Number of protein chains: 2
Amino acid sequence: MATTPERLIESMRSLLWERGYVGTSPKAVLRRADVGQGSMYHHFSGKRDLGVAAIRRTADEMRVGTEELFATHGGALERVRAYLLRERDVLRGCPVGRLTQDPEVMADDALRAPVDETFAWLRARIAEVLAEGREGGELRAAMDPEETAAAVVATLQGGYVLARAARSRAPFDQAVAGILGLLKAHGAQD
Amino acid sequence: MATTPERLIESMRSLLWERGYVGTSPKAVLRRADVGQGSMYHHFSGKRDLGVAAIRRTADEMRVGTEELFATHGGALERVRAYLLRERDVLRGCPVGRLTQDPEVMADDALRAPVDETFAWLRARIAEVLAEGREGGELRAAMDPEETAAAVVATLQGGYVLARAARSRAPFDQAVAGILGLLKAHGAQD
DNA sequence: GTCTATAACGGGATAGAC
DNA sequence: GTCTATCCCGTTATAGAC
């Protein structure tokens, strides 16, 4: 059995993913963690403090998992493709991206910072991969790595939005296929 | 001065945009509309009812405004470009897209339906434009209109996410520039 | 149609016993 | 470290006077 703070953080993480920060009450966290009121206020100063710990961990996990993915593959297009086609629980949405729609997360720098850093890192990392592909002649010289990286990340985040609206992962898969089609045609000599 | 139901709907709309459905209380709506408790429960059966009216209107407005935009321009790429570059209050996010992150909107078909319909229509409309461009030889035969349309809409929705995370519209503009660059290179004979 | 009063419940936190 | 009790306030209504 995990420690009490551990259970609290994990419960908060899952609730943040499902309901966001404004939509999650301390009571709900306690119920899910099967922990008493007192324990929570012993280990954390309150909802915000626990929220910061939970968001930090979610952001860290995403970064580590994604870095692994970029480290293992070969060509630039192949690595971006692997990133886009990575298995995802599409209808649940992105646990980091969904926080950008939460008014209290956005209003509080301690809560927002991990979200900001995650996307900044992600865009930079993908831009790096794309730049390598351009230097290596795999992609056209006209391709702007930063802009293309932003488009790739945005397609994923927007794909989640479309899938949730439709209650179907189809639009997500279409969007990914769409950007991959455009990227492929952008190969140096096609 | 607008009628009381009108003021209530408009207040609800702005609060849904800023704080989402779970984050918005009837009391907050009343304060913003400068309307009494009794009036609201006279004109609407409750929060949900008012929410449905507000979401419907926001969805309708978006559809009408976007249709105008597609009707006025010329070539397929030009029209998609105009759509992507349309003036937007980026940091506020998309008033329709943000609702996909609200657990109570997603759990209630009456609240979710307008959101679903808006994106379904939007994707279909853009796919139509792209298909015209393909028939007319403006775009490659290999381009899939539905997939590309999904990618275009997703880029915008994801662009909002990135911009909000960064508290800067820069990533949004980059993502739009990125997808436009890819689309341009996808012209039939470039 | 609009007002105030009231209610039942939950949110978010503190207090102090154990 | 964890528990229960308590507090104050906000949420989402309903009731009935005006």
Side-chain angles (χ1 to χ4, degrees), chain A residues 1-56 98-99 101-112, chain B residues 1-56 98-99 101-112:
Chain A
M1 208 54 146
T3 69
T4 295
E6 197 56 31
R7 296 156 60 98
L8 286 165
I9 291 175
E10 289 302 319
S11 299
M12 181 53 121
R13 291 215 309 149
S14 63
L15 280 163
L16 284 176
W17 196 354
E18 290 168 29
R19 304 193 41 89
Y21 187 82
V22 281
T24 296
S25 69
K27 182 174 270 185
V29 176
L30 299 176
R31 255 197 310 268
R32 184 164 295 196
D34 198 22
V35 156
Q37 189 104 342
S39 297
M40 164 171 159
Y41 285 99
H42 174 76
H43 295 287
F44 298 92
S45 70
K47 177 183 174 178
R48 184 188 120 112
D49 190 27
L50 178 51
V52 169
I55 293 175
R56 280 245 142 80
R98 83 108 54 229
L99 298 173
Q101 302 305 324
D102 195 295
E104 298 188 8
V105 170
M106 288 298 100
D108 185 331
D109 279 340
L111 294 168
R112 188 179 56 85
Chain B
M1 206 58 145
T3 69
T4 296
E6 196 56 30
R7 297 157 59 98
L8 286 165
I9 291 175
E10 288 303 317
S11 299
M12 182 54 121
R13 290 214 310 146
S14 64
L15 280 163
L16 284 177
W17 196 354
E18 290 167 29
R19 304 191 41 88
Y21 187 82
V22 281
T24 296
S25 71
K27 180 175 268 183
V29 176
L30 299 176
R31 257 196 310 267
R32 182 163 297 196
D34 196 23
V35 155
Q37 189 105 344
S39 297
M40 163 170 159
Y41 284 100
H42 175 74
H43 295 288
F44 299 93
S45 71
K47 176 182 176 180
R48 184 189 119 113
D49 189 27
L50 178 52
V52 169
I55 293 176
R56 280 246 142 79
R98 82 106 59 227
L99 298 172
Q101 302 305 325
D102 194 294
E104 298 188 7
V105 170
M106 287 299 100
D108 185 329
D109 278 341
L111 294 168
R112 187 179 57 84

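Since we're looking at a predicted model, the values are computed, not measured. Lettering of chains follows the sequences in order, A, B, ..., and the numbering in each one begins at 1.
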Can you tell me how far [atom2] of [N] sits from [atom1] of [X], to the nearest Å?
X: A/Arg31; N: C/dG10; atom1: CZ; atom2: P; result: 8 Å
X: B/Glu104; N: C/dG10; atom1: CD; atom2: P; result: 14 Å
X: A/His42; N: D/dT4; atom1: NE2; atom2: C1'; result: 17 Å
X: B/Asp49; N: D/dA13; atom1: CG; atom2: C1'; result: 14 Å
X: A/Met40; N: D/dC3; atom1: CE; atom2: C1'; result: 15 Å
X: B/Leu50; N: D/dT11; atom1: CG; atom2: P; result: 15 Å
X: A/Met12; N: C/dG11; atom1: CE; atom2: P; result: 12 Å
X: B/Leu30; N: D/dT11; atom1: CG; atom2: C1'; result: 11 Å

Between B/Ser39 and A/Val22, which residue's closest nucleotide on DNA chain C lies nearer the 5′ terminus?
B/Ser39
On DNA chain C, check which nucleotide each of A/Tyr21 and A/Gly38 is closest to and give me the residue with the more 5' one.
A/Tyr21
Which listed nucleotide (C/dG11, C/dT14, D/dT12) is nearest to the side chain of B/Lys47?
D/dT12
Counting side-chain heavy atoms from C-beta on, which of C/dA13, C/dG1, C/dG11 comes nearest to A/Lys27?
C/dG11
Side-chain N or O of B/His43 less than 4.0 angstrom from OP1 or OP2 on C/dT2?
yes
Measuring to OP1 and OP2 of D/dT2, would you say a side-chain N or O of A/Thr4 lies under 4.0 angstrom away?
yes
Kindly write out the residues that satisfy side-chain contact (heavy atoms from CB on, under 4.5 Å) with B/Ser39, not counting sequence neighbours, or none if the list is empty.
B/Thr4, B/Val35
Chi angles and distances behind the side chain to side chain contact (heavy atoms under 4.5 Å, CB included) call for A/Ile9, A/Phe44
CA-CA 10 Å; A/Ile9 291 175; A/Phe44 298 92; 3.8 Å; yes
Minimum-distance pair of heavy atoms, taken over all atoms of A/Pro5 and A/His43
CG-ND1, 3.6 Å
Close side-chain approach of A/Glu18 and A/Arg32, heavy atoms under 4.5 Å
yes
Test item: A/Leu8 and A/Leu30 side chains (from C-beta on) under 4.5 Å apart, heavy atoms
yes
Has the side chain of A/Arg98 got a donor or acceptor atom that lies under 3.5 Å from a matching backbone atom of A/Trp17?
yes
Distances under 3.5 Å only, N/O to N/O: pair up the protein atoms with those of nucleotides 5-7 of chain C.
none

Assess whether a salt bridge exists between A/Glu10 and A/Arg7, defined as any Lys/Arg side-chain N lying under 4.0 Å from an Asp/Glu carboxylate O.
no
So A/Thr3, base contact, sugar-phosphate only, or nothing? Heavy-atom distance under 4.0 Å.
nothing
